[in-house]
Number of protein chains: 2
Amino acid sequence: MSADCHHEDGSHPGLAGETLRRAIGLAETRCMTSQERLTAPRRRVLELLLESDAPMKAYDLIAAFGQSGEPAKPPTVYRALEFLERLGFAHRIESLNAYVPCRLDGAGHKAAFLICECCGAAEEFEPDFSTQLAAAAARGYAVSGVTLEARGLCPACR
Amino acid sequence: MSADCHHEDGSHPGLAGETLRRAIGLAETRCMTSQERLTAPRRRVLELLLESDAPMKAYDLIAAFGQSGEPAKPPTVYRALEFLERLGFAHRIESLNAYVPCRLDGAGHKAAFLICECCGAAEEFEPDFSTQLAAAAARGYAVSGVTLEARGLCPACR
DNA sequence: GATGTTATGTTATCTCATAACAGAAGTGTT
DNA sequence: AACACTTCTGTTATGAGATAACATAACATC
């Protein structure tokens, strides 16, 4: 994100109130059905991601973790992120070293982002990797996960 | 790369001798025509990348930099990598924190890799991003660069 | 040969992430 | 209930990756 960008990122406003509660409730349900546990630290990290307007760095999560200002220890947050990624509730954006909640239901182990170099917005979009998967198959590769990160300017910043 | 993989990565054998010299000569030429300078540290880092069979970490490059075993200082190597990326001579693989020489001529600011989770090979392939670029355009994004990283098993490791 | 620009050398520090081990909490048995 | 088993958490310490800041050197060009 450039330092002198004054645009707002309108693409993914953070959740709050009832909307937030429902998103977390949905995660609870999905954990139930897959015999996984949405424990307190995992729930807290998911909540922080959902509340945020923008991708969050791990140490942002660490700093914001405690209700009354006490930070978490790094492993607490990294473990929660690992869990959330494994269940598809969050994605890591490699080129930012940052994390976002999954905005698309059931994207599985594929993710695609449009990242604005001006305002820092990271918009997730439905990835169609058929071309690339065909190229991989032609080379004999068995692909288990794909990520795509496109950098540029969002409509507001152009 | 899994610790117990005994396969060889055959996809990108490191260059040596005449082949290596020609690859570097090509880079020299391309620098000339674009009014850029392939200075000693830049040339050295490119050489190390070209000689390697596999993606190299920045601190691998730092350790291998000196002819007689003396490491480089980190900024020396990071600056060279920045230059090589800018000119399209090298790519950073975000999900590995590692670097490879560009294997495709004139790929510009787009790159696509098949990364073997067993042997660590990273094969660059010709990216066709037409689908994703159309999706980006539909959202009003002006895309300046795209990277794709597909993880899985290479033919030898399957 | 003075000036502006680009690149390098050097020190220190910052950000990002994980290893290792002890303890607590849930689950299923007998 | 007592037990073993597994999963998750707490805590300390450290490893890995990258950059800020400033001084010096090399090149260009006028």
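Chain letters run A, B, ... following the sequence lines, proteins first and then strands; every chain starts at 1. Note that this is a predicted model, so its numbers are computed, not measured.
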Go through the structure and list residues passing side-chain hydrogen bond (donor to acceptor under 3.5 Å, both in side chains) with Thr33(A), not counting sequence neighbours.
none
Side-chain donor-acceptor pairs under 3.5 Å in residues 34-42 of chain A, sequence neighbours left out?
unit_1, atom_1, unit_2, atom_2, d
Ser34(A), OG, Arg30(A), O, 2.6
Ser34(A), OG, Cys31(A), O, 3.4
Glu36(A), OE2, Arg86(A), NH1, 2.9
Arg42(A), NH1, Arg37(A), O, 2.7

Sub-4.0 Å heavy-atom contacts from residues 77-85 of chain B onto DNA chain D, ordered by number:
Tyr78(B), Arg79(B)
For dG17(D) and Tyr99(B) - does any side-chain N or O of the residue sit under 4.0 Å from the phosphate oxygens OP1/OP2?
no
Can you list everything that forms a side-chain hydrogen bond (donor to acceptor under 3.5 Å, both in side chains) with Arg103(B)? Sequence neighbours excluded, please.
none
Results of side chain to side chain contact (heavy atoms under 4.5 Å, CB included) for Leu20(B) - residues two or more places apart only:
Leu15(B), Ile24(B), Glu47(B), Leu50(B), Glu51(B)
Within less than 4.0 Å of OP1 or OP2 of dA7(C), is there a side-chain N or O belonging to Arg43(B)?
no
Ionic contact status for Arg79(A) with Glu82(A), cut-off 4.0 Å
no
Residues two or more places apart in sequence or in another chain: which of them pass side chain to side chain contact (heavy atoms under 4.5 Å, CB included) with Ala90(B)?
Leu49(B), Leu84(B)
With a 4.0 Å heavy-atom cut-off, tell me which residues in residues 61-75 of chain B come close to DNA chain D, sorted by residue number.
Pro74(B), Pro75(B)
Please confirm whether the shortest side-chain N or O distance from Thr39(A) to OP1 or OP2 of dT9(D) is below 4.0 Å.
yes
With sequence neighbours left out, write down each residue that passes salt bridge (charged side-chain N to carboxylate O under 4.0 Å, His left out) with Glu149(B), or none if nothing qualifies.
none
In this structure, how many angstroms lie between the P atom of dT9(D) and the CZ atom of Arg44(A), rounded?
15 Å
For nucleotides 24-30 of chain D, print each protein N/O atom paired with a nucleotide N/O atom at under 3.5 Å, atom names and distance only.
none

OP1 or OP2 of dC16(C) under 4.0 Å from side-chain N/O of Lys57(A):
yes
Bend angle of the helix from dG1(C)-dC30(D) to dT30(C)-dA1(D), end axes from five pairs each (to 10°):
30°
Atom pairs and distances, donor-acceptor, side-chain atoms in residues 60-70 of chain A, under 3.5 Å, two or more places apart:
unit_1, atom_1, unit_2, atom_2, d
Asp60(A), OD2, Lys57(A), N, 3.2
Ser68(A), OG, Glu70(A), OE2, 2.6

Excluding sequence neighbours, so at least two apart, what forms side chain to side chain contact (heavy atoms under 4.5 Å, CB included) with Thr29(B)?
none
